[in-house]
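Written out below as structure tokens is the structure these notes cover.
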Amino acid sequence: LKFFTLTENKIKIIKTESFSSCNYMEQLDLSNNSISEIEQNAFRDLNKLNILDLKGNNFTKITTNSFTGLNHLNNLYLSSNQIEQIQSGS
């Protein structure tokens, strides 16, 4: 699985290791859900991911280690959220 689209599914939380078996994924689209929280290490095993789309969700803050493991990430889309705080180490 290289491309995964989960747009408009009313997802609220991305749990730790939600994508642990998807280590070859290159693009993940989670836009236009209701995501308000990304648990630490939620994307840890997505070491080939280069595009992550999180626009149009309900984030108010980006917490420490939210994006741990995304070593090849080139594009991160966070527009149309309510982000007020980005913690160090995010």
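FYI, the numbering just counts along the sequence from 1. Basis for what follows: all heavy atoms, side chains included, without hydrogens, waters or symmetry-related copies.
- Atom-to-atom distance recorded for T64:OG1 and I86:CD1 is 11.5 Å, nearest 0.5 angstrom.
- The backbone N or O of N81 sits nowhere less than 3.5 Å from a side-chain atom of N57 that would complete a donor-acceptor pair.
- Criterion: ILVMFWY side-chain heavy atoms under 4.5 Å apart, direct or through other members. Under it, F4 and L46 are part of a common hydrophobic cluster.
- The nearest pair of heavy atoms linking T63 to I38 is OG1-O, 3.7 Å.
- Here side chain to side chain donor-acceptor pair (under 3.5 Å) pairs that include residues 18-30, with residues two or more places apart or in two chains, are D29-S31.
- Around atom CD of Q85, more than 12 heavy atoms belonging to other residues, nucleotides or ligands sit under 6.0 Å away.
- A parallel orientation is assigned to the rings of F43 and F67, their planes being inclined by less than 30° (bins at 30° and 60°).
- The distance from the CG atom of N71 to the CG atom of N50 is 12.5 Å, given to the nearest 0.5 Å.
- Rounded to the nearest 0.5 angstrom, M25 CE and D45 CG are separated by 10.5 Å.
- For L6, the CG atom counts as densely surrounded, since its 6.0 Å shell holds more than 12 non-hydrogen atoms of other residues, nucleotides or ligands.
- Counting only residues at least two apart or on different chains, the salt bridge (charged side-chain N to carboxylate O under 4.0 Å, His left out) pairs with a member in residues 6-16 are K15-E39.
- Taking CG of L52 as the reference point, atom CG of L54 lies at 4.0 Å (rounded to 0.5 Å).
- Side-chain contact between I51 and N74: absent, with no pair of heavy atoms (C-beta onward) separated by less than 4.5 Å.
- In the hydrophobic clustering of this structure, I13 does not group with F19; members are Ile, Leu, Val, Met, Phe, Trp, Tyr whose side-chain heavy atoms approach within less than 4.5 Å, directly or through other members.
- Taken to the nearest 0.5 Å, the CG atom of N32 stands 9.5 Å off from the OG atom of S34.
- Under the 4.5 Å side-chain heavy-atom criterion for ILVMFWY residues, no single connected hydrophobic cluster contains both L30 and Y77.
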>> Please determine whether side chain to side chain contact (heavy atoms under 4.5 Å, CB included) holds for the pair I35 and I14, giving the CA-CA distance in whole Å, both sets of side-chain angles, and the decisive distance to 0.1 Å.
In response: CA-CA 7 Å; I35 301 168; I14 304 297; 3.9 Å; yes

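- Note: the hydrophobic cluster containing L76 also contains L70 (ILVMFWY, side chain heavy atoms under 4.5 Å, direct or indirect links).
- I62 contributes atom CD1, which lies 9.5 Å from atom CD of Q87 (distance to the nearest 0.5 angstrom).
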